[in-house]
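Written below as structure tokens is the structure these notes are about.
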Amino acid sequence: MTTKAIRGTQDILPGQVEIWQRVEESARRTFALYGFQEMRTPIFEHTAVFLKTTGESTDIVQKQMYRFTDMGGNDLTLRPEGTPPVIRAYLEHQLGQGRSIERYYYIGPMFRYERPQQGRYRQFHQIGVEVLGTESAHLDAEVIEMVMRWLRDLGVRDLRLLINTVADEPSRVAYRKALVRAQAGHLDELCSDCHRRHRENPLRVFDCKVDTCQPVIAQLPSIHDYLSDTSASHFERLREVLGSWGMDYEIDPRMVRGLDYYRETVFEITSGALGAQDSLVGGGRYDGLVAQMGGREVPGVGFAAGIERIVLAMGGQPEATAADVFVVAFDDSTVSAVHTIVHQLRAAGVRALCAAYDGRSKKAQGSAARRSRAPWQLVVGPDEVQSDRYTLRRLADDRRLECSGEALVSTALSLANEPAANPTGSESRNDG
RNA sequence: GUGAGCGUAGCUCAACUGGCAGAGCACUCGGCUGUGGCCCGAGAGGUUGGGGGUUCAAGUCCCCUCGUUCACCCCA
């Protein structure tokens, strides 16, 4: 079957795409308020870009990359996440001069070879943000507040903000040692997955959901008992700022993010409206990443948000309308009048449609009108043409407005701009 | 990569222990109606995801495969 999208990919059809546009436009508008500018990078890079940043030990690098060799023999990879390309571009174009603070956002597809399920796809889409050039916890708070505002504005349901710290290197070394020691004493009480985690990444034991492991997990030491002075004060300052802005959040002392480069602050935003894949946004601080790619020591903080999951968490949205006014020809004698009116409406900025083609009956035109979900209808018959009196009718409540042919365009224009008339379809035109 | 469930018309789903593939909605045409939702009549729409096997006979049973859903793993 060749007429089928590749596994883990999907078409976003009219009716659904308007919701995506709303999510994207809302992000652009919100992020612009905070001084962010868009950056667009290629969707593939030299594989080394991801090996050196995302981290060789991560699942992404080990088993999820769409990696291929092009005809020139280059080792390339479809980007599995957005941060490495942004850092690469930042270095290539020497964007951070002096002590400047750079704020970028990106929107686009990412690719990971995984088993698809609800909210998880092989080609998925992220809106992400990166701030480069400051280690101030104030920026951690700023991006968190920004993304929360954006999601709230979109009407995403059941939002939950979780924050934690993965601390600096000395703290992590000390903590990891303590953790391994604590786990080692209870290995016989832990499941097989936990044994593996204990060997490979002891922090991940915290993610275990097996009941019998919980008593042990509950008694494991917390990273918060091993924070260096700098890590402790960084996290404390973040909490102060979030608190002073009245932000609700929870500290999840066991949260660990899956990318190797995170330092200090990590955070996650989930929605209770989703299933197992409930993470809408993941982010954190990545001081040291730029240096790791060969640049100066430039600290950074950012996040990535999954558009598919946000759309899911927004729940059922009203179907977009294809037009504001649908014009129906009463009979063959008025077909050309209908096309003239449609032409004039469009020229004035009113989204207008008709179906007076191929000799379609009045009834067929009416069906097309219904399918278009156009709120207003205008029937043009011999009587209207002769008397020069036209009636715009709203189907929802049978509201009727009568006017002359001359006033038709201006009347329709004012109706089309009534916000209630059209929830999603004409947002861009009304932006002003 | 692991485990389980499910694939029948555009959509939602039927078809008793194997026995002529159906309904509702949607769609097209016609009737009624100076306005698109109501009513009446007609029509179109399928290789039952694909391949193989058992059988007189397979949507139904068996094997393989693809897709999808849920969970694990992991993450957005």
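Just so it is clear: chains get the letters A, B, ... in the order the sequence lines come, proteins before strands, and each one is counted from 1. It should be emphasised that the depicted structure is a prediction, and the values quoted were computed from it without experimental measurement.
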Under 3.5 Å, is there a donor-acceptor pair between the side chain of [X] and the main chain of [Y]?
| X | Y | value |
| --- | --- | --- |
| Glu18(A) | Gly15(A) | yes |
| Asp388(A) | Gly405(A) | yes |
| Asp331(A) | Ser333(A) | yes |
| Thr411(A) | Ala407(A) | yes |

In whole angstrom, what separates [X]'s [atom1] from [N]'s [atom2]?
| X | N | atom1 | atom2 | result |
| --- | --- | --- | --- | --- |
| Met255(A) | rC75(B) | CE | P | 12 Å |
| Asp252(A) | rC75(B) | CG | P | 14 Å |
| Glu114(A) | rA71(B) | CD | P | 14 Å |
| Phe267(A) | rA76(B) | CZ | P | 11 Å |
| Tyr121(A) | rA76(B) | OH | C1' | 11 Å |
| Asp59(A) | rU2(B) | CG | C1' | 14 Å |

Notebook entry, point to check: What distance, rounded to whole Å, do you find between the two P atoms, one in rG49(B) and one in rC13(B)?
Noted result: 15 Å

Check: Expressed as a whole number of Å, how far does the P atom of rA26(B) sit from that of rG67(B)?
Finding: 34 Å

Next item on the list: Quick one: pull up OG1 in Thr265(A) and CZ in Arg239(A) and give me the separation to the nearest 0.5 Å.
Entry: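 The distance works out to 12.0 Å.
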
Note to self: Quick check on side-chain contact (heavy atoms from CB on, under 4.5 Å): which of Arg309(A), Glu308(A), Gln118(A) does Gln277(A) satisfy it with?
What the structure shows: Arg309(A)

Check: Picking from Val350(A), Leu408(A), Val409(A), what satisfies side-chain contact (heavy atoms from CB on, under 4.5 Å) with Gln344(A)?
Finding: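 Only one of Val350(A), Leu408(A), Val409(A) forms a side-chain contact (heavy atoms from CB on, under 4.5 Å) with Gln344(A), namely Val409(A).
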
Notebook entry, point to check: Taking the side chain as C-beta and beyond, is there a heavy-atom pair between His186(A) and Glu189(A) under 4.5 Å?
Noted result: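 SC-SC contact between His186(A) and Glu189(A) confirmed.
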
Next item on the list: Could you check if a side-chain atom of Gln377(A) sits within less than 4.5 angstrom of a side-chain atom of Val328(A), using non-hydrogen atoms only?
Entry: yes

Base, sugar-phosphate or nothing for [X]? Non-hydrogen atoms, less than 4.0 Å.
| X | value |
| --- | --- |
| Gly8(A) | sugar-phosphate |
| Gln117(A) | base |
| Phe303(A) | nothing |
| Gly119(A) | base |

Return the polar atom pairs (N/O with N/O) between nucleotides 3-12 of chain B and the protein under 3.5 Å, or none.
residue	atom	partner	partner atom	Å
rG3(B)	O6	Arg115(A)	NH2	3.4

Next item on the list: Could you encode protein contacts along nucleotides 32-44 of chain B as a string, one character per nucleotide from 5' to 3', using B for base contact, S for sugar-phosphate-only contact and - for no contact, with a heavy-atom cut-off of under 4.0 Å?
Entry: --BBBB-B-----

Notebook entry, point to check: How does RNA chain B look in dot-bracket notation if pairs are Watson-Crick or G-U with both distances under 3.5 Å, crossing ones as [ ], other-strand ones as |?
Noted result: (((((((..((((.....[..)))).(((((.......))))).....(((((..]....))))))))))))....

Item checked: Over all atoms of both residues, closest heavy-atom pair of Pro253(A) and His224(A) ->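 Shortest heavy-atom contact: CB-CD2, 3.8 Å.
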
Notebook entry, point to check: Any donor-acceptor pair under 3.5 Å joining the side chain of Arg7(A) to the base of rC66(B)?
Noted result: no

Check: Are Glu169(A) and Arg172(A) within salt-bridge range, i.e. N to O under 4.0 Å?
Finding: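 Yes, charged N to carboxylate O under 4.0 Å.
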
